[in-house]
Amino acid sequence: AGCDSTYVLHLTINKSFFHEETVEACDSYTWAVDGQTYFDSGDKYFNGKTPAGCDSTYVLHLTINKSFYKEETATACDSYTWSVDGKTYTTSGDYTFTGQTAAGCDSTYVLHLTINKSFYKEETAVACDSYIWAVDGKTYTTSGDYTFTGQTAAGCDSTHVLHLTINKSVATD
């Protein structure tokens, strides 16, 4: 009809949302975006909507580093130097060393240690003419110090020392 017409457009353009994050964690990670707990590395995605109804995309680049746990059992004679902590132990027991891996995660080592003792015994004997030493079963006819070395049932050194005095009998007619 030849009249002026005016159109007014009030336009709001809402943006889609994209967010990326990189996380490194020990053993597991709970992502606040989706509430999920993840136990292995990889890319995780969450798609949703902004409050205005536009697409929203979240990407998580996740690296999961593992904590370390190791147990070992050892048996030694008299003492044991543990390579994990460099300490020398002289008694049986369970020993624990805790630290961190190169990635900053917990590391725990447990040593179950049995210490067997070496054996050392000295004895003194006095006999007439000869002496049978029960340790080695030999007969001795002269005074002196005698040593017998062997191993205990656990495989540790065993040393017996005999300080022997032999008195000679005197023959009478």
Side-chain angles (χ1 to χ4, degrees), residues 20-44 59-173:
E20 275 186 285
E21 64 181 294
T22 300
V23 173
E24 193 169 328
C26 294
D27 300 319
S28 68
Y29 179 73
T30 301
W31 194 17
V33 170
D34 66 1
Q36 298 276 346
T37 300
Y38 296 98
F39 297 94
D40 44 337
S41 299
D43 292 337
K44 313 302 179 190
V59 179
L60 172 65
H61 304 288
L62 180 61
T63 301
I64 296 292
N65 297 304
K66 300 295 181 184
S67 295
F68 182 81
Y69 181 85
K70 181 179 181 186
E71 288 188 57
E72 63 181 277
T73 300
T75 302
C77 295
D78 300 318
S79 68
Y80 180 80
T81 301
W82 194 17
S83 63
V84 170
D85 65 4
K87 292 181 181 178
T88 299
Y89 296 92
T90 57
T91 56
S92 297
D94 293 331
Y95 300 95
T96 302
F97 176 83
T98 54
Q100 289 190 330
T101 66
C105 299
D106 292 337
S107 66
T108 303
Y109 296 82
V110 177
L111 172 64
H112 304 288
L113 180 61
T114 301
I115 295 292
N116 295 307
K117 299 296 183 184
S118 295
F119 180 82
Y120 181 85
K121 181 179 179 184
E122 289 188 52
E123 62 183 277
T124 302
V126 177
C128 295
D129 298 322
S130 67
Y131 180 79
I132 299 173
W133 193 16
V135 171
D136 64 4
K138 292 181 181 178
T139 300
Y140 295 89
T141 58
T142 57
S143 297
D145 293 329
Y146 300 96
T147 302
F148 176 83
T149 56
Q151 289 191 332
T152 65
C156 299
D157 291 338
S158 170
T159 303
H160 297 261
V161 177
L162 172 63
H163 303 288
L164 179 61
T165 302
I166 296 292
N167 296 316
K168 298 293 180 181
S169 296
V170 178
T172 57
D173 290 333

ring-ring contact (aromatic ring centres under 6.0 Å, His included) contacts touching residues 88-118 (sequence neighbours left out):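 Sorted pair list: Phe68-Tyr109, Tyr89-Tyr95.
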
Looking at side-chain heavy atoms only, is the closest gap between [X] and [Y] below 4.5 Å?
{"X": "Glu122", "Y": "Thr124", "answer": "no"}
{"X": "Tyr80", "Y": "Thr114", "answer": "no"}
{"X": "Thr149", "Y": "Asp157", "answer": "no"}
{"X": "Tyr120", "Y": "Val161", "answer": "yes"}
{"X": "Thr147", "Y": "Thr159", "answer": "yes"}

By side-chain contact (heavy atoms from CB on, under 4.5 Å) - contacts of Ser28 (at least two apart):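 By the side-chain contact (heavy atoms from CB on, under 4.5 Å) rule, Ser28 matches Thr37, Phe39.
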
For [X] against [Y], the heavy-atom pair lying closest together:
{"X": "Glu24", "Y": "Ala103", "answer": "OE2-CB, 4.4 Å"}
{"X": "Ser41", "Y": "Lys44", "answer": "O-NZ, 4.0 Å"}
{"X": "Thr152", "Y": "Lys117", "answer": "CG2-O, 4.1 Å"}

Taking [Y]'s backbone N and O only, do any of them form a donor-acceptor pair with [X]'s side chain (distance below 3.5 Å, no angle check)?
{"X": "Asp27", "Y": "Ser67", "answer": "yes"}
{"X": "Thr88", "Y": "Thr81", "answer": "no"}
{"X": "Ser92", "Y": "Ile115", "answer": "yes"}

Other residues, nucleotides and ligands only: do more than 12 of their heavy atoms fall within 6.0 Å of NZ on Lys87?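 Check fails, neighbour count at 12 or below.
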
Flag if over 12 foreign heavy atoms under 6.0 Å of NZ, Lys121: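 Check fails, neighbour count at 12 or below.
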
Measuring from [X]:[atom1] to [Y]:[atom2], what's the distance to the nearest 0.5 Å?
{"X": "Asp129", "Y": "Lys168", "atom1": "CG", "atom2": "NZ", "result": "6.0 Å"}
{"X": "Trp133", "Y": "Leu164", "atom1": "CH2", "atom2": "CG", "result": "9.5 Å"}
{"X": "Asp94", "Y": "Thr73", "atom1": "CG", "atom2": "OG1", "result": "8.5 Å"}
{"X": "Ser107", "Y": "Gln100", "atom1": "OG", "atom2": "CD", "result": "7.5 Å"}

